[in-house]
Amino acid sequence: MTPSYGWYGDDFTGATDTLATLARRGRRAFLFLLVPDPQKLAQVGDLEAVGIAGAARAMEPGEMRAELTPVGAFFRDLGVRILHYKCCSTFDSALTRGNIAVAAAILHDYVAHETITIVGGQPSLGRYCAFSNLFASFGADGGVFRLDRHPTMSRHPATPMTEADLRQHLSALGMQNIGAIHWPLLAGDSEAVAAEWRRLANAAPAVLLDALDAQHVNAIGRLLRTESQRHSLLVVGPSSVAQAFFEEGQPIVSPPPTPVDGPVLAFVGSLSPTTRGQMAAARSYTRLNVHPDSILSSSDARERVIEHAAAALAQGEHVMLSTAPEVGDAPHSAAADLARASASLVDEVLRRHPVRRLAIAGGDTSSRIVGHLGYWGLGYHSQISNGVAVSLARSDDSSRDAMLVMLKGGQMGHEQLFESFLDSKAGP
């Protein structure tokens, strides 16, 4: 079977959200952590969708080209009809960091159709695109803000969103002359939508589609299914691309769950208010605050953290390591170094005391840590909160194979998320 759908997630948390979206729509999907060889592809069996989790969201343009060129070639050779560049649902991106326009320009060479399709919203996640402007919900009460006024995204430490009009935002990143299809047309006749898309595609290098509700997502899906039969397409956007392309089916059924014994190791690198609230509610964990400078500059301090964490796990305690400050923001200049040091720290803790469940908060942090731990892929296990999935990790290391791994972005998950993960079981 040739998969019809391939996706690259620009961070691991987003990539697992698309994996969960596909599985919950009844589609056979698997997420690799590198471009897979034929043996690994054969090992997971027939698939309808194949994913690759990456870290382009945190890369400079030169790094992105090195990362994405083999990805594009793999999906072209695999024969997918939709090549989905899965970006964050808030489209936060900068000229020199995770540039979405650069990613699209690279991957565009590996599909047949010349026009890039952009899906602007994910209503199921509280992301709404109207007249090309993006809005996002915030907090427990679900208040919705235009992105340039969003309490978190407008002040993101790495990629602040100061422009809500996605055409203007992407144009500033280098994607010029974007056409747009707005929601009133999507609410109408599907033939009219297709005709307008083709008209714009003849003149514009990219077309942005609004999405305010499920009706609009379904209309986009009809368009993608029809056009991808004619030519393979590059589609940029959040997991609503997968929701659109695959009509809803019976969710994948797995064997009955069984309890997972032993403690949980959690690592928090996110600075978001949402994550801070989740940490405060995680009362079942032994909290170990890790000063970033200490693990970057002092091997003795790093060793003390590792020993303390491993000893607590050996006593059966759930352990939460956090490099996020109690208040305020951490400087971003050393973020890449801190992510690498954090990955090495978690790896060493697991070597001294292996566990069967791992939780990681922070998109860039998740990408770096999971990529360091020797997993080669992630299968879907369960959905623990909107936008947060639990995955079944695959590794050639028997001590890490079939671990349950929860990855969450900074804005995702309900307040009791870490507490809920303690109840996770070895089956959806």
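Basis for what follows: all heavy atoms, side chains included, without hydrogens, waters or symmetry-related copies.
Counting only distance, with no hydrogens or angles, the side chain of Arg155 and the backbone of Pro151 share a donor-acceptor pair below 3.5 Å. Distance alone, capped at 3.5 Å, places no donor-acceptor pair between the Thr286 side chain and the Val319 backbone. Although no hydrogens or angles enter the test, the distance criterion places no donor-acceptor pair under 3.5 Å between the side chain of Ser385 and the main chain of Val388. With Ser232 contributing its side chain and Ala112 its backbone, the two residues share a donor-acceptor pair below 3.5 Å. Judged by distance alone, the side chain of Arg27 and the main-chain N or O of Glu247 form a donor-acceptor pair under 3.5 Å. Remark: the backbone N or O of Phe245 is not paired with any side-chain donor or acceptor of Tyr5 at under 3.5 angstrom. In this structure, the side chain of Gln383 does not engage the main chain of Ala389 through any donor-acceptor pair within 3.5 Å. A donor-acceptor contact shorter than 3.5 Å is absent between the side chain of Glu63 and the backbone of Ala56. Ser228 contributes a side-chain N or O that, together with a main-chain N or O of Arg225, makes up a donor-acceptor pair within less than 3.5 Å. For the pair Gln278 (side chain) and Phe418 (backbone), a donor-acceptor distance under 3.5 Å is absent.
Leu378 contributes atom CG, which lies 5.0 Å from atom CG of Leu33 (distance to the nearest 0.5 angstrom). Remark: Leu208 CG to Phe91 CZ distance equals 7.0 Å, nearest 0.5 Å. For the atom pair CG (Asp17) and CG (Asp11), the distance works out to 10.0 Å, reported to the nearest 0.5 Å. Here the CD1 atom belonging to Ile52 is positioned 8.5 Å from the CG atom belonging to Leu31, to the nearest 0.5 angstrom. Atom CD1 of residue Ile100 and atom CZ of residue Arg57 lie 8.5 Å apart, to the nearest 0.5 angstrom. Residue Phe267 holds its CZ atom at 11.0 Å from CG of Leu288, rounded to the nearest 0.5 Å.
Nearest heavy-atom pair across Val236 and Cys87 is CG1-SG, 4.2 Å. A pairwise comparison of heavy atoms in Ser395 and Gly374 identifies OG-O, 3.4 Å as the closest pair. In this structure, Arg65 and Pro70 approach most closely via the heavy-atom pair O-CD, 4.5 Å. Here the closest non-hydrogen pair linking Thr13 and Ser366 is CG2-OG, 3.4 Å. Heavy-atom minimum distance, Ala244 versus Val217: CB-O, 3.4 Å. Smallest separation of non-hydrogen atoms from Lys86 and Ser239: CE-OG, 3.5 Å.
By the neighbour-count criterion of 12 heavy atoms within 6.0 Å, atom CZ of Arg352 is densely surrounded, having more than that number from other residues, nucleotides or ligands. Few gaps surround CZ on Arg76; more than 12 heavy atoms of other groups in view lie less than 6.0 Å from it. Counting non-hydrogen atoms of neighbouring residues, nucleotides and ligands closer than 6.0 angstrom, the CD atom of Gln215 exceeds 12 such neighbours. Within 6.0 Å of NE2 in His113 there are more than 12 heavy atoms belonging to other residues, nucleotides or ligands.
Arg400 is linked by a side chain to side chain donor-acceptor pair (under 3.5 Å) to Asp347, counting only residues two or more places apart in sequence or in another chain. With sequence neighbours left out, Glu415 forms a side chain to side chain donor-acceptor pair (under 3.5 Å) with no residue at all. For Tyr375, there are no side chain to side chain donor-acceptor pair (under 3.5 Å) partners two or more places apart in sequence or in a different chain.
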Query raised in the report: Run the side-chain contact (heavy atoms from CB on, under 4.5 Å) check on Thr90 and Arg127 step by step: do they pass?
Result: CA-CA 7 Å; Thr90 51; Arg127 309 292 187 257; 3.6 Å; yes

Query - Full working for side-chain contact (heavy atoms from CB on, under 4.5 Å) between His381 and Met406 - result: CA-CA 10 Å; His381 174 272; Met406 181 188 81; over 6 Å; no

**Report entry** Check against side-chain contact (heavy atoms from CB on, under 4.5 Å), Arg302 and Ser344
**Finding:** CA-CA 10 Å; Arg302 177 179 179 275; Ser344 175; 2.7 Å; yes

**Report entry** Steps toward side-chain contact (heavy atoms from CB on, under 4.5 Å) verdict (Ile116, His108)
**Finding:** CA-CA 7 Å; Ile116 300 163; His108 175 256; 3.9 Å; yes

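Annotation: side chain of Met153 is in contact with side chain of Gln411 (closest heavy-atom distance under 4.5 Å). Proximity of His150 to Met161: side-chain heavy atoms (C-beta onward) are nowhere separated by under 4.5 Å. The shortest distance between side-chain heavy atoms of Arg276 and Val268 does not fall below 4.5 Å. The shortest distance between side-chain heavy atoms of Phe74 and Pro36 falls below 4.5 Å. Considering only heavy atoms from C-beta on, Leu78 comes within 4.5 Å of Pro3 through its side chain. At least one side-chain heavy atom of Leu107 sits less than 4.5 Å from a side-chain heavy atom of Leu83. Looking at Thr21 and Arg25, their side chains come closer than 4.5 Å, going by heavy atoms from C-beta outward. Under the 4.5 Å side-chain criterion, counting only non-hydrogen atoms from C-beta, Ile360 is in contact with Thr365.
Classification of Asp397 and Arg351 as a salt-bridged pair fails, no side-chain N sitting under 4.0 Å from a carboxylate O. Using a cut-off of 4.0 Å between Lys/Arg side-chain N and Asp/Glu carboxylate O, Asp401 and Arg394 are scored as salt-bridged.
Note on ring orientation: taking the six-membered ring where Trp is involved, the planes of His318 and Tyr285 are tilted (angle from 30° to 60°). In this pair, His216 and Trp183 present their aromatic rings tilted. The plane angle is within the 30 to 60° band. Using cut-offs of 30° and 60° on the angle between ring planes, the pair Phe32 and Trp376 is parallel.
Side-chain N/O atoms of Ser89 and Gln122 include no donor and acceptor closer than 3.5 Å.
Each of Ile369, Ile306, Val370 was compared with Val346 under the side chain to side chain contact (heavy atoms under 4.5 Å, CB included) criterion, and only Ile369 meets it.
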